[in-house]
*Asks:* 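Before anything else, here's the structure in question.
Counting convention: from 1, in listed order, for ligands and their atoms alike.
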Amino acid sequence: MLDFRSDTVTRPGPGMLDAMLKAEVGDCGYGEDTATNTLEAFCAELLGMDDAVFLSSGTLSNQVALRLHTRPGDEVILDQSYHLNTYESGFCAQFAQVALNTIESSDGIVTVDRIDEAFEKKRRLWWCAPPTLLGLENTVNHHAGKALTPDQIARPAAYARSKGMRVHLDGARLFNACANKGVGVTAFTAEVDTVSLCFSKGLGAPYGSVLAGRAAVMGEARLHRKLFGAEVRQPGFMAAAALYGLQHNAGRLGRDHRLARYLAAGLTALGLRLTTARPDTNIIVVDTRELPVDAPALAGRFLRHGLLVSVLTERFLRFVTHLNVSRPDADTALSIVAEVLRALWKEPAEDRKGALTN
Ligand SMILES: *Cc1c(COP(=O)(O)O)cnc(C)c1O
């Protein structure tokens, strides 16, 4: 199977497994899990923050951040395309009990003007939901892994803070943005209150994320980790894998990006329409609207040839490059796509199951 669904499918290689076996662990509840303590100190320093907490997932990092920054009934301003809205809006309602005020952009970029518009969209009387948090994201998952510049993060963040709001940066794939922009990670964190990273995506670790932030806001982070069930006893085996990912795999993400551009060019040459012809990072989104079958049906045909891609919606398919796919794999994927498309265009229309009617 060629698995281009996501960079979350990566499995630990020999070096990472070795680091996990050698992890020095202890009871994290007593603060004695050395590997976790090491990872947290390393991440705080790396991200230019005072404190960092090892958590089980990127979703949990976002949810803990909301708990730190808001009170029930508060409002969070963010772009509609961000993970916090597209996947987590129900969690935001359940766990932090906040209202989301979304910026309806088509490019995933939060600007000062757009913050003002979101602010002015609602009434601001004393009993109306107060906007206390700005949510940012980099890279932007839903915009084919678009990498925002340090300025595109710092400006809206500084503006929101000048208005008394806090700022959380969902940096699940922040190292992909670093690789694309050729900057260090602190270029994105200078103006934010908290930032989260995923270890289980391009960094290739099996588990976890980190939430890092300034001392003034991180006080209850470990309380929420306990509450949400992520304070486990010897997480050090996983922390060691995460540290290995940071030290060995963050520096190779440029390779995933080059492979994604190669694959994108190949898919375009085969006549597929991509939402972004030249992806910034490792995500390619195919728009199937002009094809005679919809996205699930096309993915099903690829699967029969041993190619896995993810179905985002009825219309969009996604290919993601990562640690466990190579240039020859991309070539094989392209030949499978070519064969499937050739067969598809030859078929009489009534044989194409799952065709859209629009
Ligand atoms: C993947 C992702 C998350 C969630 O991470 P999980 O570990 O899958 O919970 C959050 N935000 C963004 C932008 C992501 O891409």
*Asks:* Could you work out, with salt bridge (charged side-chain N to carboxylate O under 4.0 Å, His left out) as the rule, every residue matching Arg255, not counting sequence neighbours?
*Replies:* none
*Asks:* Check the pair Tyr87 / His142 against ring pair (Phe, Tyr, Trp, His ring centres under 6.0 Å), numbers first and verdict last.
*Replies:* CA-CA 11 Å; Tyr87 293 101; His142 266 239; 5.7 Å; yes
*Asks:* Check which hydrophobic residues are tied to Phe95 through side-chain heavy-atom contacts below 4.5 Å, counting indirect links as well, and list them.
*Replies:* Val53, Leu55, Leu60, Val64, Leu68, Phe91, Leu211, Val217, Met218, Phe228
*Asks:* Side chains of Ser105 and Asp79: any donor to acceptor distance under 3.5 Å?
*Replies:* yes
*Asks:* For ligand 1, would you mind listing the residues that have at least one heavy atom less than 4.0 Å away, ordered by chain and number?
*Replies:* Ser57, Gly58, Thr59, Asn62, His83, Glu137, Asn141, Asp170, Ala172, Arg173, Cys198, Lys201
*Asks:* May I ask you to decide whether Asp107 forms a salt bridge with Lys146, counting only side-chain N to carboxylate O separations under 4.0 Å?
*Replies:* no
*Asks:* Mind checking salt bridge (charged side-chain N to carboxylate O under 4.0 Å, His left out) for Lys121 and listing every partner two or more places apart, or none if nothing turns up?
*Replies:* none
